[in-house]
Novice: 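I have a structure I would like to understand better, so I am pasting it below and will then ask my questions one at a time.
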Amino acid sequence: MTTSNVTFNYYPRCPNPGLTVGVFPHSDGSLITVILQDDNGGLYVRATDGSWIHVQPINGALIVNIGDVLQIMSNDKYKSVEHRVVANGSKNRVSVPVFVTPRPNAVIGPLSEAMESGEQPLYKEVVYSDYSSHHFGKKHDGKKSLDFARI
Ligand SMILES: O=C(O)CCC(=O)C(=O)O
Ligand SMILES: [Fe+2]
């Protein structure tokens with residue numbers, strides 16, 4: 001069973017975007033996140049070579065991001081996406097992410113169905129509320145939250 005949390009983000013325009021941070025690089029502590037963004041853009045995702053790719057806003061399109069829980073449950077078959085938001089120099093920006101998460105008391109860990117025979121689990125089982133308390137209890141720092149569950 002899952003829970004969905006809707007957040008409304010408002011990023012005021014910043015005349016000097018180089019001096020501010022919209023949202024620090026992080027991955028979401030969700031299974032998946034579905035994001036509606038306006039036409040102004042500002043969301044960047046980290047490519048495998050470490051560079052940042054701007055997510056071009058497309059009117060009415062929804063962005064689906066993989067979160068840490070799916071990475072854990074798939075034993076790294078699916079990787080959560082590191083992302084950040086950069087402030088816009090001339091326009092205010094609005095985004096509406098919907099975070100789909102397990103119930104707080106759910107125990108999460110690699111699913112046996114997601115592992116080949118003999119494959120070792122890369123994560124231990126943790127209670128989701130402990131994972132999310134750890135995730136939100138510190139400043140955003142890339143994909144460091146995963147270390148909480150990593151073996
Ligand atoms: O504003 C966005 O496009 C993304 C926001 C975000 O990454 C978050 O709220 O976790
Ligand atoms: Fe995020």
Side-chain angles (χ1 to χ4, degrees), residues 1-111 114 122-124 126-150:
M1 287 294 247
T2 57
T3 302
S4 299
N5 301 297
V6 184
T7 308
F8 295 84
N9 294 323
Y10 174 68
Y11 304 90
R13 73 180 184 86
C14 177
N16 202 339
L19 293 180
T20 189
V21 175
V23 180
F24 274 114
H26 68 285
S27 51
D28 294 338
S30 58
L31 268 162
I32 59 165
T33 307
V34 181
I35 307 174
L36 179 67
Q37 62 170 338
D38 63 19
D39 292 343
N40 299 330
L43 175 63
Y44 289 74
V45 293
R46 180 88 86 175
T48 45
D49 68 1
S51 63
W52 290 103
I53 299 170
H54 185 230
V55 179
Q56 210 61 46
I58 299 172
N59 201 10
L62 297 172
I63 299 153
V64 180
N65 279 345
I66 290 175
D68 289 347
V69 175
L70 195 50
Q71 177 161 344
I72 292 169
M73 293 177 86
S74 71
N75 207 38
D76 274 2
K77 307 282 181 316
Y78 294 97
K79 299 279 177 59
S80 60
V81 65
E82 187 178 351
H83 54 286
R84 64 174 182 170
V85 179
V86 175
N88 190 299
S90 56
K91 292 177 181 160
N92 302 325
R93 175 172 182 264
V94 172
S95 71
V96 186
V98 179
F99 299 94
V100 181
T101 68
R103 289 264 175 89
N105 61 356
V107 174
I108 59 165
L111 293 174
L122 302 171
Y123 302 94
K124 58 192 176 207
V126 294
V127 178
Y128 181 65
S129 59
D130 293 340
Y131 190 84
S132 69
S133 298
H134 170 77
H135 180 74
F136 289 111
K138 59 174 185 48
K139 94 174 186 33
H140 282 330
D141 188 6
K143 294 185 59 168
K144 288 267 172 60
S145 295
L146 281 165
D147 293 345
F148 182 77
R150 207 183 300 275

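Only this structure's heavy atoms are used, side chains among them; waters, hydrogens and symmetry mates stay out. Everything quoted here is computed from the prediction, not taken from an experiment. Each residue takes its place number in the sequence, starting with 1. Numbering of ligands and ligand atoms starts at 1, following listing order.
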Novice: If the plane angle is over 60° it's perpendicular, under 30° parallel, otherwise tilted; pick one for His140 and His26.
Specialist: parallel

Novice: With a cut-off of 4.0 Å, which atoms of ligand 1 are near a heavy atom of His83?
Specialist: 7 (O)

Novice: Quick one: side chains of residues 51-58, donor-acceptor pairs under 3.5 Å with protein atoms, not counting sequence neighbours, listed by atom name and distance.
Specialist:
{"residue": "Ser51", "atom": "OG", "partner": "Asp49", "partner atom": "OD1", "Å": "2.6"}
{"residue": "His54", "atom": "NE2", "partner": "Gly42", "partner atom": "N", "Å": "3.0"}

Novice: Of all the heavy-atom pairs spanning Ser145 and Lys138, show the shortest one and how long it is.
Specialist: OG-NZ, 2.9 Å

Novice: Which atom names give the shortest non-hydrogen contact between Val23 and Tyr11, and what distance separates them?
Specialist: CG2-OH, 3.4 Å

Novice: Shortest non-hydrogen contact from Ser27 to Ser80?
Specialist: CB-OG, 3.6 Å

Novice: If I compare all heavy atoms of Ile66 with all of Lys79, which pair ends up nearest, and what's the gap?
Specialist: CG2-O, 3.5 Å

Novice: I need the atoms of ligand 1 closer than 4.0 Å to a non-hydrogen atom of Val85, numbered in the order shown.
Specialist: 1 (O), 2 (C), 4 (C)

Novice: Pro110 and Tyr123: which non-hydrogen atoms are nearest, and at how many Å?
Specialist: CD-O, 3.3 Å

Novice: Using a strict 4.0 Å cut-off to heavy atoms of Phe99, name the atoms of ligand 1 that fall inside it.
Specialist: 8 (C), 9 (O), 10 (O)

Novice: So, does Arg103 use its side chain to make a donor-acceptor pair with the main chain of Thr3 at under 3.5 Å?
Specialist: no

Novice: Please list, in number order, the atoms of ligand 1 under 4.0 Å from a heavy atom of Asn9.
Specialist: 1 (O), 5 (C), 9 (O)

Novice: Which protein N, O or S atoms sit under 2.8 Å from the Fe ion (ligand 2)?
Specialist: His26 NE2, Asp28 OD1, His83 NE2

Novice: Side chain or backbone of Asp28 under 4.0 Å from ligand 1, or both, or neither, by non-hydrogen atoms?
Specialist: side chain

Novice: In terms of atom number and element, which parts of ligand 1 are under 4.0 angstrom from non-hydrogen atoms of Arg93?
Specialist: 1 (O), 2 (C), 3 (O)

Novice: Evaluate the side-chain proximity of Asn40 to Arg13: yes if any heavy-atom separation is below 4.5 Å, no if none is.
Specialist: no

Novice: Any side-chain heavy atom of Lys143 sitting closer than 4.5 Å to one from Gln71?
Specialist: yes

Novice: Can you figure out which of Tyr11, Tyr10, Phe8 has its heavy atom closest to atom 5 (C) of ligand 1?
Specialist: Tyr11

Novice: With nothing but distance in play, are any N or O atoms of Ser95 less than 3.5 Å from an N or O of ligand 1?
Specialist: yes

